[in-house]
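Just so we're on the same page: letters track the sequence lines, and every chain starts at 1. What you see is a predicted model; the values in this text were computed from it and never measured.
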Protein chains: 2
Amino acid sequence: MNPTIYDVSRLSGVSIATVSRAFSNPERVREDTRRKVFEAAEVLHYSPNAIARAMARQRTDKIAFLICKEGATILDEFYAGICTGIMRETNRSDFELVISTAADWDTASNTSKNKQVEGVILGGNARPDMIAELQNRDLAVVLVNNRIQGLDIPCVVSDEYGGVRQALEHLIGRGHRNIAMLAGRFSPYILGERYRAFLEVTQAHGLPADTRHIKLCDPTVESAAEACLELLSRQDRPTAIFGGNDVMAAGAMKAALRLGLRVPEDLAVTGLDDSSACGMLEPELTSVHIDCRRMGELSVARLQALLAGETDVPQVTVVPTELRVRGSS
Amino acid sequence: MNPTIYDVSRLSGVSIATVSRAFSNPERVREDTRRKVFEAAEVLHYSPNAIARAMARQRTDKIAFLICKEGATILDEFYAGICTGIMRETNRSDFELVISTAADWDTASNTSKNKQVEGVILGGNARPDMIAELQNRDLAVVLVNNRIQGLDIPCVVSDEYGGVRQALEHLIGRGHRNIAMLAGRFSPYILGERYRAFLEVTQAHGLPADTRHIKLCDPTVESAAEACLELLSRQDRPTAIFGGNDVMAAGAMKAALRLGLRVPEDLAVTGLDDSSACGMLEPELTSVHIDCRRMGELSVARLQALLAGETDVPQVTVVPTELRVRGSS
DNA sequence: TTGAAAGCGCTAACAA
DNA sequence: TTGTTAGCGCTTTCAA
């Protein structure tokens, strides 16, 4: 049996109320009383029981990270990074974290309900009705790696626009005038930002700003390779391809190989994500680094601000990206 | 304010004890009473408060997954897979999961203490003294991806020996007689199994079973590439290299390229992990698939068995591997 | 600054 | 089969 507040009270000779205060409002108990309490606690290896505390306080200090995503690999490198950031930041505070993956709404709903969380960080493609229900239930909600227009909810995203710009300007700086982009089927927000960035940046540099240079495909090696085969067989074939993630960029490299084109001499390729595979590829893949860790940390910060009742919580937090130039471009 | 058991009691006209029973021991309340209770609960959107329940039961039904690992990328693809399995299996039961990474013991200790967990799954390199302390504190403990001799504790591991055998026999089947293995600096258990497997399997097939063919290096592309450069410059240079993970295998492919050797014609390469990068490499990497998901699920099962007081919990659970042959061999 | 006491929402032993 | 009741370990008024 673990020691309780009563044991500490008895040993230190003060009431349980004082012991309680010593732990949760130390400044409200006299210096020497406090010392007595802590000494007794030390002797007994006492630490407050979080369950009982939650019960009395009617607060759990518990938050959830809910990844709304389909497919087998829920926790891919990207979300694992976000997750790491969230864990790190949660550990630093007194909050507790429950992680759940939920393609379906029932699981999601259960998680937030049964686990008694007070706030949730939604990753992936959370549907607006899910969000609404959570908010109705009086939960604090933050979106990570997503943004939904017209919804009163803080979100933390990476600088999609800036990331595309960095990649494109790098390629343009290398002299490329005919650049294609592989757009994966990501969320509307991400896709929107990337289209906009591609068109505006190419135009700003006097290149033909044409959606013909944007190719929509699945974010898989094969789908990207096929898309590239088509791109590279055009009359005016691109000399550089910007993949919407590293997997697609790898597909582009494969397409080049099949056509006997050398990377980067005949075709420059850049990716996005800066995943661990970049260094494994040959040539190594230039990629836009996304600070997933930071995104995770910031989502926790926003959620805690919300929970603390702060009124000026930023609606949009943009995490900068950084280009990592390697052999493929 | 959420509805409580009292609200349901009032609305359904039965005592709170009966409501409680209806939820936790349905078979102990009469059919129609039960129906009344559930109807009232439905109307009120009631569901039992887990905190209060834990308080009364003096049980939390909460387990922790503790990844004991150094370095920036705690949640790599491997552990993310295990984590997914753990989450999936935990979701299926009424248990709650808290995930924590802990290179240091303090965090680990805190996690299990403050979060009031009843059992922990230890991933990575858990030190024996950590384990002992957890067990002393009367917690159920299971090891995943590790095994420590002489310790009374269930562990779930992948079939390291079998994995090495599959890779080697595949290469031998392809006619290779001079095979080298890159051993990463993994845990003593894993390293031990792999050495043993390499020596026994090569010997069994009449190849020179010599530790000279095993090269210890860091599990990074660069370290592996260097190690291979040395291997490939030997008089009797290997015609096949088995990397201890996919990253090292990628390093081997790079070494081959630098020496102008073609893969797989001049040098066959196989990896281990079957990570997502396999399909991105060129040629695609043959690799031994590890069923991380399953490992995670089984660790939860073992932990729950322990928690349920079962006495015949298997001490060692071995998860089979499977060779995925691709272009690199 | 400290203490007494009333909960927080539920379970489980016991009684009916 | 159902109800009564005494906790579970803590926080937080309120009074001293």
Test salt bridge (Lys or Arg N to Asp or Glu O under 4.0 Å) applied to D32(A) and R34(A), R35(A), R30(A), the passing residue: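 Among the candidates, only R30(A) passes.
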Integer-rounded Å distance: [N] [atom2] and [X] [atom1]:
{"X": "M55(A)", "N": "dG7(C)", "atom1": "CE", "atom2": "C1'", "value": "9 Å"}
{"X": "D94(B)", "N": "dT11(C)", "atom1": "CG", "atom2": "P", "value": "12 Å"}
{"X": "R59(B)", "N": "dG9(D)", "atom1": "CZ", "atom2": "P", "value": "15 Å"}
{"X": "I16(A)", "N": "dT13(D)", "atom1": "CD1", "atom2": "P", "value": "15 Å"}
{"X": "R28(B)", "N": "dG3(D)", "atom1": "CZ", "atom2": "P", "value": "13 Å"}
{"X": "E31(A)", "N": "dT2(C)", "atom1": "CD", "atom2": "P", "value": "11 Å"}
{"X": "R53(B)", "N": "dG7(D)", "atom1": "CZ", "atom2": "C1'", "value": "17 Å"}
{"X": "R34(A)", "N": "dT2(C)", "atom1": "CZ", "atom2": "C1'", "value": "14 Å"}

Touch class at under 4.0 angstrom, heavy-atom based, for I51(A) against every strand present: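 The answer is nothing, as I51(A) stays clear of every strand by at least 4.0 Å.
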Touch class at under 4.0 angstrom, heavy-atom based, for V19(B) against every strand present: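 No contact at all - V19(B) keeps every heavy atom at 4.0 Å or more from the nucleic acid.
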Over all atoms of both residues, closest heavy-atom pair of P320(A) and D159(A):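 Minimum heavy-atom contact is CA-CB, 4.2 Å.
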Donor-acceptor pair under 3.5 Å, R57(A) side chain vs dG9(D) base: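 No, no donor-acceptor pair under 3.5 Å.
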Per A17(A) side chain, nearest of listed nucleotides dA4(C), dT11(D), dG9(C):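 The nucleotide sitting nearest to the side chain is dA4(C).
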Exceeds 12 heavy-atom contacts within 6.0 angstrom, atom CD of E310(A):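 Correct, the count exceeds 12.
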Any side-chain N or O of [X] less than 4.0 Å from the OP1 or OP2 oxygen of [N]?
{"X": "S20(A)", "N": "dT11(D)", "result": "yes"}
{"X": "R30(A)", "N": "dT1(C)", "result": "no"}
{"X": "Y6(B)", "N": "dG7(C)", "result": "no"}
{"X": "T18(A)", "N": "dT1(C)", "result": "no"}
{"X": "S15(A)", "N": "dA4(C)", "result": "no"}

Short N-O contact, E297(B) and R294(B), less than 4.0 angstrom: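 Result for this pair is yes, salt bridge flagged.
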Pair R147(B) + E160(B): basic N to acidic O under 4.0 Å: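 Salt bridge flag = no for E160(B) with R147(B).
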Earlier contact from the 5' end, DNA chain D, for A56(B) and G13(B):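 Result: G13(B).
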Whichever of Q58(A) and F23(B) has its nearest DNA chain C nucleotide further upstream toward 5':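 By nearest-heavy-atom nucleotide position, the 5'-most residue is Q58(A).
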